[in-house]
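The figures that follow rest on heavy atoms only: side chains count, while hydrogens, waters and symmetry mates do not. Note that this is a predicted model, so its numbers are computed, not measured.
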Amino acid sequence: AVTNAISGMTAVGGLLLLGHSVSETGSVIPDSPAHWMGAVATALSFVNIAGGFLVSGKMLDLFRREEDPKEYFEFYAVPASIIIAGIAGTAYFGSDANLGTVSGSAGIASSICCIAAIAGLANQKTARTGNVLGMAGVTFGLAATAADMSLEGASVAAFEQAGLLGGLGTAVGAVLASGVGPTELPQTVAAFHSLVGMAAMAGAAGEFLGNTGLDGGTLSAVYLATFIGGITATGSMVAFGKLSGMLDSAPLKLPARDQLNLAMLTTCALGMATFLNPGLVDSIDPATLQLASLSVVAAVSALMGAHLTASIGGADMPVVITILNSYSGWALCAEGFMLGNPLLAQVGALIGFSGAILTWIMCEAMGRNVVSVILGGAGSAAQGTGELMAMEGEVTTANIDAVADALLEANTIMIVPGYGLAVAQAQFAIADIAKNLNDMGKKIRFGIHPVAGRMPGQLNVLLAEAGVSYDLVFEMEEVNDDFDSTDVTLVIGASDTVSSAAEDDPNSGIYGMP
């Protein structure tokens with residue numbers, strides 16, 4: 001959710017579009033197609049920024065305990081205020097040269113804070129610090145952008161537009177975040193990803209519509225931002241539908257699925273050729289051909305994103321979330337190259353690579369091929385075509401009393417939760433059971449599979465919501481060797497993570513999953 005919020009730096013592109021060539025504008029209503037695109041990008045980005053950080057804050061607050069030492073995050077406002085005041089003071093009293101230098105320094109500070117935010121989120125004890133640093137990084141980036149708008153001669157009306165749109169987007173994001181709980185977290189993150197994609201597309205369209213004589217590098221970035229943004233936007237919408245239950249979670253299996261994807265990718269590649277070199281088609285006006293090419297890639301990439309995600313089953317949504325997170329970063333990176341803005345390029349590359357690395361880790365955890373995921377075949381790539389292996393031996397059925405007796409007699413207990421626990425809202429009951437057993441002197445641990453739940457970390461958040469100390473929660477690789485010495489393992493809604501079919505049955509849908 002934090003990287004999602006940082007991806008809202010697409011607001012930078014929207015703000016620069018609002019400030020471009022509007023020195024004579026006296027109205028807060030956008031006065032050209034480029035300005036309208038900038039307005040859309042700005043509003044959507046602020047929804048993402050506010051919603052992402054507020055959701056992250058809510059989830060991290062669930063991990064707080066009364067005995068935790070007080071954290072004085074309010075003091076972070078002191079250096080942040082000094083930097084912002086420095087920008088404002090330079091804009092009012094200094095020269096344009098000085099303002100450009102200060103703006104660049106603030107951009108560097110923004111990049112450093114965003115990098116530190118990702119690093120902080122890697123550890124539970126520093127996660128809240130990471131969230132605050134992410135907020136600071138985005139704030140510095142937006143402040144530097146305001147300075148760049150001033151350097152370009154933006155009118156007061158342009159800043160009024162930015163303020164109104166930013167305020168509107170922030171209000172909408174806050175309202176959306178207020179109704180999000182741990183169970184709704186996966187689909188909320190997917191929905192926010194779609195906003196990043198749409199904002200990137202709007203920013204790219206505005207840059208093309210608002211300028212003439214763009215060089216080849218800028219045109220390439222415009223086209224790629226539109227292409228990646230389209231896939232991200234609709235792919236995230238489909239993921240939201242699957243995660244929220246609005247769409248069937250079963251994978252869509254159209255005839256010649258791979259050929260259809262290849263045809264759409266080829267169409268986009270040909271469109272890029274005509275967009276960069278409209279002289280390839282002599283019978284059409286170059287400007288008209290470029291606009292048509294950009295429109296086609298927007299439509300085809302949107303269709304492609306929807307088809308790729310629809311072709312993946314609901315059980316594989318954790319890896320879909322990570323790849324969409326990576327896509328949003330690359331869309332931001334492309335926008336940075338488009339605008340010649342190092343901040344966006346750096347932050348976008350950070351999110352793109354971090355999402356890609358997490359995707360690789362998730363694919364390994366699910367026994368999936370990362371190329372298959374990108375091409376929309378993660379749901380079926382690992383499954384064989386033969387009959388499932390016949391089950392042998394006797395089925396042992398347990399009842400409530402037998403489970404209770406086994407837990408009371410055990411000294412070491414491992415609890416393995418999964419998505420079924422989230423659906424049943426059983427985290428509070430299991431937390432109460434764990435507390436009572438722990439008070440009896442028994443050793444209680446929770447083992448979390450890497451892909452338990454519908455997105456990475458969902459089970460950790462659910463357990464934190466119920467008051468389970470994160471000192472009792474372990475990742476799979478930390479406890480996998482301890483099951484032989486464990487008296488009782490209680491599996492709740494996570495049967496696939498302990499099924500021997502993952503190792504023994506090549507025709508099983510979970511074959512290859514650790």
If we only count heavy atoms from C-beta on, is the Thr188 to Leu176 side-chain gap below 4.5 Å? no
Going by atom types only, do Ser194 and Ser236 share a side-chain donor-acceptor pair under 3.5 Å? no
Which atom of Leu142 lies closest to which atom of Ala11, heavy atoms considered: CD2-CB, 4.0 Å
Check for a donor-acceptor pair, side chain of Asn131 on one end and backbone N or O of Ala127 on the other, with a separation under 3.5 Å. no
Side chains of Phe240 and Met246: does their closest heavy-atom pair fall under 4.5 Å? yes
Is it the case that atom NZ in Lys58 sees more than 12 heavy atoms from other parts of the structure closer than 6.0 Å? yes
Restricting to non-hydrogen atoms, name the atom on Ala117 and the atom on Gly130 that form the minimum distance, rounded to 0.1 Å. CB-O, 3.1 Å
Verify, without hydrogens or angle tests, whether Asn4 (side chain) and Val189 (backbone) share a donor-acceptor contact under 3.5 angstrom. yes
Would a distance-only check, ignoring hydrogens and angles, find a side-chain to backbone donor-acceptor pair under 3.5 Å from Ser111 to Gly107? yes
pair Phe446-Leu459: side-chain heavy atoms closer than 4.5 Å: no
Given side chains that start at C-beta, do those of Gln427 and Ile492 come closer than 4.5 Å, heavy atoms only? no
Rounded to the nearest 0.5 Å, the CH2 atom of Trp360 sits from the CD1 atom of Ile357 at a distance of 11.5 Å
Less than 4.5 Å apart, any side-chain heavy atom of Asn325 and any of Ile321? no
Heavy-atom pair of closest approach, residues Val40 and Ala202: CG1-CB, 4.1 Å
Between Thr126 and Gly120 the two heavy atoms that sit nearest each other are OG1-O, 2.7 Å
Looking at Ala106, is its backbone amide N or carbonyl O close enough to the side chain of Ser110 to form a donor-acceptor pair, meaning the two atoms are under 3.5 Å apart? no
Euclidean distance, Ile49 CD1 relative to Phe192 CZ, rounded to 0.5 Å: 11.5 Å
Starting at CG of Asp405, measure out to CD1 of Ile400 and round the result to the nearest 0.5 Å. 12.0 Å
Quick one: does Lys242's side chain have a donor or acceptor within less than 3.5 Å of a partner on Asp248's backbone? yes
Determine whether a donor-acceptor pair (N or O, by modelled atom type, separation under 3.5 Å) exists between the side chain of Thr10 and the backbone of Ser45. no
Are Ile6 and Phe53 side-chain neighbours, meaning at least one heavy-atom pair lies under 4.5 Å? yes
Exam field: side chain Ser326 to backbone Gly352, donor-acceptor pair closer than 3.5 Å: yes
State, to 0.1 Å, how close Ser328 and His193 come at their nearest heavy-atom pair, and which atoms those are. OG-ND1, 3.9 Å
Stepwise side-chain contact (heavy atoms from CB on, under 4.5 Å) test for Val196 and Leu332: CA-CA 8 Å; Val196 176; Leu332 185 64; 5.7 Å; no
Could you tell me whether the side chain of Ser301 and the main chain of Ala298 form a donor-acceptor pair under 3.5 Å? yes
Can you confirm whether more than 12 heavy atoms, excluding those of Phe353, are under 6.0 Å from its CZ atom? no
4.5 Å side-chain heavy-atom contact, Thr129 and Leu133: yes
Does some side-chain heavy atom of Phe227 sit less than 4.5 Å from a side-chain heavy atom of Leu265? yes
Where the side chain of Thr412 meets the backbone of Asp487, is there a donor-acceptor pair that is under 3.5 Å apart? yes
Of all the heavy-atom pairs spanning Leu463 and Pro417, show the shortest one and how long it is. CD1-CG, 4.3 Å
